[in-house]
2 protein chains.
Amino acid sequence: MARSGSKSSLLEFAVLGLLHDAPMHGYELRKRLNGVLGTFHAISYGSLYPCLRTLESAGLIAAAGPASSEGPALSGKRARIVYELTADGKDRFAELVAETGPETWDDDAFGIRFAFFSSADADVRRHILEGRRSRLEERLSTLRASLRSTRERLDNYTLELQRHGLESVEREVRWIDGLIAGEDGAARPRTPRSNSEVSTMTGSDRPGSTHR
Amino acid sequence: MARSGSKSSLLEFAVLGLLHDAPMHGYELRKRLNGVLGTFHAISYGSLYPCLRTLESAGLIAAAGPASSEGPALSGKRARIVYELTADGKDRFAELVAETGPETWDDDAFGIRFAFFSSADADVRRHILEGRRSRLEERLSTLRASLRSTRERLDNYTLELQRHGLESVEREVRWIDGLIAGEDGAARPRTPRSNSEVSTMTGSDRPGSTHR
DNA sequence: GTTAGCATGTAAGGAGTTACATGATTTT
DNA sequence: AAAATCATGTAACTCCTTACATGCTAAC
């Protein structure tokens with residue numbers, strides 16, 4: 001069971017990541033998700049609950065009986081279902097967190113992986129950051145080439161949009177560079193030293209799309 | 001026929017917009033699309049061709065006989081199908097271009113509309129730019145609130161991601177402000193005066209997500 | 001003569017959304 | 001007693017992607 005190989009969307013990754021910190025029920029999970037996934041990009045119950053069921057039948061998460069805490073008996077609101085990671089679920093999350101392949105350079109995948117970066121080893125972080133960087137460099141050269149070749153034929157707005165996108169990517173490269181430098185500087189420690197040092201040293205741009 | 005009310009995805013909008021400039025066949029359309037839609041966010045044939053058929057049966061586009069130009073007889077490569085806008089298609093595009101409602105403030109919708117901004121009236125442009133701005137302001141206050149409330153509980157990476165997203169949105173606001181100023185400055189003329197003036201006056205950030 | 005690029009298409013399916021259905025509990 | 005918020009869930013549908021199937025022409 002809990003064999004790897006399944007598709008495991010970003011949503012599954014995020015759910016496992018959040019439940020890794022603490023058991024939670026769906027409604028709460030959804031709110032946190034919107035924080036982790038970028039605030040906008042709100043995910044709906046229509047995808048969350050089915051996802052929870054999938055994870056449960058895959059044996060990665062399990063409904064916890066409203067065991068210890070939780071006020072007076074089970075007089076709480078409604079029959080809310082608190083999920084927690086199983087041992088298999090923890091394994092799976094660890095597996096996902098350790099991935100460094102090209103899948104992890106994508107806008108969305110990178111964003112979510114970054115959000116759980118502190119669960120990853122320093123070398124995994126390095127690898128992902130560098131992969132992301134190279135992905136952005138590719139983008140830059142495509143964009144620059146396309147700008148050069150179509151410059152004269154495009155109207156001003158289209159041009160401005162392109163230019164804008166280009167600067168945006170350039171900015172993200174600088175951001176990533178700052179993060180890589182921060183990883184180097186802080187050497188091995190589990191958490192990079194005070195992130196404000198890392199973060200204020202460069203301009204920035206959001207990594208995930210939204211986009212998206 | 002060609003009644004409004006249909007959903008008309010962003011793809012349909014983009015196709016209509018491109019065909020508005022010049023008749024084209026699918027293969028070429030697809031390449032241009034990747035320029036207009038942000039270079040990445042490549043759209044696949046699996047969605048383009050069905051879309052073309054939909055538009056055709058809706059009477060918005062029509063296959064043009066390989067009429068005049070086009071080299072020696074029809075000895076060209078393969079039986080390529082050149083589409084052009086019908087009168088209904090032109091109407092529909094004009095209708096879409098004139099929309100200024102909340103749908104048009106979304107990341108993706110805004111990006112594509114901006115790409116065809118020169119087909120829109122000055123007041124439509126104003127309206128969309130201001131709507132987009134207010135949408136971004138909303139986002140900013142949500143983000144700032146969420147940062148304030150969760151500051152201490154979040155690990156450094158999550159925090160950095162949030163901070164980064166925040167700056168990104170702030171940057172886009174400044175970009176939009178610059179564009180609005182440019183629209184004001186150039187007053188009525190169909191094209192805003194030399195866009196380099198508009199564009200170099202502010203920092204920037206990409207508007208569409210592409211993701212998104 | 002085989003690879004690369006042009007050109008069009010289809011079938012299956014993934015990932016998510018909206019809108020609906022239900023019901024309890026807290027606030028106004 | 002009505003409205004908001006908590007809480008879970010389902011069904012239908014949208015939009016897009018991947019992978020496949022086809023075949024032609026140009027270059028190596």
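So that the names make sense, note that chain A is the first sequence line, chain B the second, and so on, each numbered from 1. As the structure is a computational prediction, the values presented were derived from the model and not from experiment.
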- prompt: Mind checking whether A/Leu52 and A/Leu29 have side chains closer than 4.5 Å, heavy atoms only?
  reply: yes

Closest nucleotide among D/dT8, D/dG9, C/dT10 to the A/Arg53 side chain: D/dG9

message: Expressed as a whole number of angstroms, how long is the span from A/Tyr83:OH to D/dG9:C1'?
response: 10 Å

- prompt: Is it true that the NZ or CZ of B/Arg30 lies under 6.0 Å from the centre of B/Tyr45's six-membered ring and within 45 degrees of the ring axis?
  reply: yes

query: With distance as the sole test, does B/Arg125 use its side chain to make a donor-acceptor pair with the main-chain N or O of B/Ala120 at under 3.5 Å?
result: yes

Between the protein and nucleotides 16-18 of chain C, list the N/O to N/O atom pairs that are separated by less than 3.5 angstrom.
{"residue": "C/dT17", "atom": "OP1", "partner": "A/Ala42", "partner atom": "O", "Å": "2.9"}
{"residue": "C/dT17", "atom": "OP2", "partner": "A/Ser44", "partner atom": "N", "Å": "3.1"}
{"residue": "C/dT17", "atom": "OP2", "partner": "A/Ser44", "partner atom": "OG", "Å": "2.7"}
{"residue": "C/dT17", "atom": "OP2", "partner": "A/Ser47", "partner atom": "OG", "Å": "2.9"}

query: Rounding to a whole Å, what distance do you find between B/Ile112:CD1 and D/dC15:P?
result: 14 Å

message: By nearest atom, which of the nucleotides C/dA7, D/dT10, D/dT8 is closest to the A/Tyr27 side chain?
response: D/dT8

query: Within a strict 4.5 Å, meaning less than it, do heavy atoms of the B/Leu85 and B/Leu60 side chains meet?
result: no

Side-chain (A/Thr142) to main-chain (A/Glu138) donor-acceptor, under 3.5 angstrom: yes

Nearest-angstrom distance from the residue atom OH of B/Tyr49 to P of D/dC15: 20 Å

- prompt: In whole angstrom, what separates A/Leu52's CG from D/dA7's P?
  reply: 14 Å

message: Rounded to whole Å, how long is the line connecting atom CD1 of B/Ile81 with atom P of D/dT22?
response: 18 Å

query: Starting at CG of B/Leu55 and ending at P of D/dC15, how long is that distance when rounded to a whole Å?
result: 12 Å

field: Length of the line joining A/Leu29:CG and D/dT8:C1', which is rounded to integer Å
entry: 13 Å

- request: Give the C-alpha distance, both sets of side-chain angles, the deciding distance and a yes or no for side chain to side chain contact (heavy atoms under 4.5 Å, CB included) between B/Ile112 and B/Asp108.
  value: CA-CA 6 Å; B/Ile112 176 77; B/Asp108 291 335; 5.8 Å; no

- prompt: A/Leu33 has an atom CG; how far is it from atom C1' of D/dA7, in whole Å?
  reply: 16 Å

